[in-house]
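In the text below, chain A, chain B and the rest are named by the order of the sequence lines, each starting its count at 1. Atoms considered below: every heavy atom in the structure, side chains included; atoms not considered: hydrogens, waters and symmetry mates. Bear in mind the structure is a predicted one, so any value in this text is a computation, not a measurement.
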Protein chains: 2
Amino acid sequence: MGYACLMAVDRDHVLRAAAALLTRKSTATMDEVAKAAGISRATLHRHFAGRDALVRALESLGIAECEAALDTARPGEGPAAEAVRRLVRAIEPSAALLAFLYTENQLFEGEQQNAGWTRIDDRISALFRRGQESGEFRIDLTPAWLTEALYGLLASGAWAVLEGRVAAKDFTFMITELLLGGALRREEP
Amino acid sequence: MGYACLMAVDRDHVLRAAAALLTRKSTATMDEVAKAAGISRATLHRHFAGRDALVRALESLGIAECEAALDTARPGEGPAAEAVRRLVRAIEPSAALLAFLYTENQLFEGEQQNAGWTRIDDRISALFRRGQESGEFRIDLTPAWLTEALYGLLASGAWAVLEGRVAAKDFTFMITELLLGGALRREEP
DNA sequence: CTACAGTGAGACGCGAACGTCTCACATGGG
DNA sequence: CCCATGTGAGACGTTCGCGTCTCACTGTAG
């Protein structure tokens, strides 16, 4: 007895390794995942019933990280623009995992998606709506679209960093600046 | 003899059907693709040696449509912002196919990608660079990132429309407005 | 009418990945 | 010391999609 905590640590470690690998190669084999995690395929199967269960676990991890990021970003406090900056900064470490899940979700077509995503969608949409109501954000772009665009930019950003097309240190800046300010040069106030 | 043209028409029709299906379900079987195109699997194999060849053909189609869109958008003429609007409008019909190819490209990791993409990247980057040099666009977002972000927004937009989260008629507007103007409300000039 | 190109339906073997199983080994606790 | 638990290695059968093949049918050109 007393191994429960060790198990959890191991499981989390496997999950991280799987996320890191699948982010780069979404079609990786169970064998490759096991190898990447430094364990055997048998042990991998002892932790996760199958590939499906593994992806579901990764989904749960992604949802948990998103909600944690939302919690630390305090999207209800201060100017909405600042809240968006805090959110992107908080979510940056999870961006690659999110990018993987974002594309993987297209495979779940038909089945209803995990309720966690709609919870997250709602919280982010609420942030954009708050910014609109306070007059910070323009009202001709729907909160749903801004939320979707945020996901898309996070995914593109993570992917571009992974491929070396943009510098990792610019990730947050480029996403927030484009999302909030756009490409047009702003007139000085 | 004399069937060459008919063959080409058929091939194009199959390609369109495959694009429409794979856009929605990227893991569709060759059998499903054939069924979607209204032909048998044997005939599908007569047109495209294998699944790989089919995806390559779709890639060529996507590249051709992108370059055609770039041609009609005349990215070198007029204000850069207007050129971007024209480009997005011209590329909209191909957005779903592009979204599919954009995610599919992650599978080509390792192998060098089709030269067509770098050609397109260069033309779009040049457009953003032109906007920066003319003073229209801000210079703290690199053309490479703006190009990448455009791809991401096109993919997110196509996907959101496909899922019914945003209206299809708003596609171009939402992408161009977000890309150019961002979410922040602009001060009246 | 005859010949033939194109097609659809289906059978067949192949290979990859999966999920399950067994067995031997090691490590830590009683 | 002995036992038990977790692990690694590997074998095994199954499933699934792919690619190839054959064969019968159809429509059209000669």
> Which residue, A:Gly50 or B:Leu44, contacts DNA chain C at a nucleotide closer to its 5' end, judged by nearest heavy atom?
Replying inline: B:Leu44
> How many Å lie between NZ on B:Lys25 and C1' on D:dG17, as a whole number?
Replying inline: 12 Å
> Using a cut-off of less than 4.0 Å, is there contact between a side-chain N or O of B:Thr43 and OP1 or OP2 of C:dT7?
Replying inline: no
> The side chain of B:Ser40 lies closest to which of these nucleotides: D:dG8, C:dA17, C:dG8?
Replying inline: C:dG8
>> Output the rounded distance in Å from CE (B:Met30) to P (D:dC16).
In response: 19 Å
> Once you round it to whole Å, what is the distance between P of C:dG19 and CG of A:Asp31?
Replying inline: 12 Å
>> Between A:Lys25 and A:Glu32 (salt bridge meaning N to carboxylate O under 4.0 Å), is one present in this structure?
In response: yes
>> Between the opening five pairs and the closing five pairs of the helix from C:dC1-D:dG30 to C:dG30-D:dC1, how far apart are the helix axes, to 10°?
In response: 0°
>> Can you identify which nucleotide, out of D:dC21, D:dG10, C:dC18, has its nearest atom closest to the B:Ala42 side chain?
In response: D:dC21
> Sequence neighbours excluded, which residues qualify as side chain to side chain donor-acceptor pair (under 3.5 Å) partners of A:Glu133?
Replying inline: none
> Just how far, in rounded Å, is P of D:dG10 from NZ of A:Lys35?
Replying inline: 10 Å
> Separation of B:Phe48 atom CZ from D:dC18 atom C1', in whole Å?
Replying inline: 16 Å
> In whole angstroms, how far is the C1' atom of D:dG17 from the CG atom of B:Leu54?
Replying inline: 14 Å
> Do you know which two heavy atoms are closest between B:Leu97 and B:Glu65, and how far apart they sit?
Replying inline: CD2-OE1, 4.1 Å
>> Tell me which one of A:Leu154, A:Val166, A:Thr176 satisfies side chain to side chain contact (heavy atoms under 4.5 Å, CB included) with A:Phe171.
In response: A:Leu154
> Looking at C:dG6, does its base get a donor-acceptor pair with the side chain of B:Arg46 below 3.5 Å?
Replying inline: no
>> Under 3.5 Å, is there any donor-acceptor pair linking the side chain of B:Arg41 to the base of D:dG19?
In response: yes
> Rounded to the nearest Å, what distance is computed from the CZ atom of residue A:Arg11 to the C1' atom of nucleotide D:dT7?
Replying inline: 18 Å
> What is the distance, rounded to the nearest whole Å, between atom CZ of B:Arg51 and atom C1' of C:dA16?
Replying inline: 15 Å
> Sequence neighbours excluded, which residues qualify as side chain to side chain donor-acceptor pair (under 3.5 Å) partners of A:Arg86?
Replying inline: none
> Hey, is B:Arg123 close enough to B:Asp71 for a salt bridge, meaning N to O under 4.0 Å?
Replying inline: yes
> With a 6.0 Å cut-off on ring centres, are A:Trp145 and A:Phe128 close enough?
Replying inline: no
